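The structure appears below as structure tokens.
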Amino acid sequence: MKITTWNVNGIRAAINKGFIDWFAEASPDVLCLQEVKAYKEQVSEDLTQVSGYHQFWNSADRPGYSGVATFTKTKPIEMTAGFGVEAYTGEGRTIITKHPRFYLFNVYFPNGQRDQGRLDYKLGFYEALLAYCEELIAAGNEVVITGDFNTAHREIDLANPKSNEKNSGFLPIEREWIDRFLERGFIDAFRALYPDKVQYSWWTYRFGARSRNVGWRLDYHLVTKGVMDRVKDVIIHDDVLGSDHCPVSLILKD
DNA sequence: ATGGCCAATTTTATTGGA
């Protein structure tokens, strides 16, 4: 089973750059998209009526901003757009689907760059999402959180850690929230398999960053132990173009 | 590495991204 996440930075632009062909070729069992930057009605039927998938969209409350979508070959047991905290429901950042062996969170975590208010919003979002996940775990569920975390966890996860210590995305207070997810039982599946591997999933469009591989690893699969036991591989598809992020796939047994 | 980008809407400027 392959669960792929991709921040497409505008699904309409990505479609113009070959997204539909990539989707058909990659053929993931589940595809979690972030930053679709569109309402479903604005998107080509090549995607919104693609055969072989159920699809769920959670767009933002304003045009051209944020928005997530989840595609599944098998119909989920349940689907919800939010996780019950009103402050975090309007920006189209989450889709939660229940599958036979786990809950899957498709998440576009907020960007904290703009000002203190957005940083506070981002940190509050981490806190509220983790609290919700802990309830599911306490009730005996396994959980997969995937998407754009908008934070690089450790120095190995970005090309220039020293010069970014005071920039949102690598602030200690943001990194500590990733620590907290791990303390509460989540495992960073890529890092667990590849403790020393340097590979990124986002590069700024500026500075020729991608061609020089000056990037950040921002797109993760955090999984609970029962899921980790079934992980075969995690693949960062850094050869796939079409966005400033690249897709990342979690491969599970069966 | 100085400055260099891109998507989408509010469109020939502005906002947001990280």
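Here the structure is a predicted model, which is why all the values come from computation and not from measurement. Computed from heavy atoms alone, side chains included, the values below leave out hydrogens, waters and symmetry copies. Every chain is numbered from 1 and lettered A, B, ... according to where its sequence line falls, protein lines coming before strand lines.
In this entry the distance linking CG of A:Leu241 with P of B:dC5 reads 18 Å, nearest Å.
Taking the P atoms as reference points, B:dA18 lies 14 Å from B:dA8, given to the whole Å. Taking the C1' atom of each, B:dT10 and B:dT15 are spaced 8 Å apart, rounded to whole Å. Between B:dT11 and B:dC6, the two C1' atoms lie 15 Å apart (nearest whole Å). As rounded to the nearest Å, B:dA13 and B:dT2 have C1' atoms that lie 26 Å from one another. Going from the P atom of B:dG3 to that of B:dA7 covers 23 Å, rounded to whole Å.
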Distance-only donor-acceptor hits, side chain of residues 123-132 of chain A, under 3.5 Å, sequence neighbours excluded:
residue  : atom : partner  : partner atom : Å
A:Tyr126 : OH   : A:Phe149 : O            : 2.5
A:Tyr126 : OH   : A:Thr151 : OG1          : 2.7

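For A:Asp244, the side chain to side chain contact (heavy atoms under 4.5 Å, CB included) criterion is met by A:Asn9, A:Trp202, A:Tyr205, not counting sequence neighbours. With sequence neighbours excluded, the residues satisfying side chain to side chain contact (heavy atoms under 4.5 Å, CB included) with A:Val50 are A:Phe23, A:Tyr53, A:Gln55, A:Phe71. Considering only residues two or more places apart in sequence or on other chains, A:Glu183 meets the side chain to side chain contact (heavy atoms under 4.5 Å, CB included) condition with A:Asp179, A:Arg180.
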Sugar-phosphate or base contact per nucleotide [nucleotides 7-18 of chain B; S, B, -; heavy atom under 4.0 Å]: SSS------SSB
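At a cut-off of 3.5 Å, with distance as the only test, no side-chain donor of A:Thr80 or A:Lys98 sits close to an acceptor on the other residue.
The hydrophobic cluster containing A:Val68 also includes A:Phe56, A:Met79, A:Ile95, A:Tyr108, under a criterion of side-chain heavy atoms closer than 4.5 Å among ILVMFWY residues, counted directly or through chains of members.
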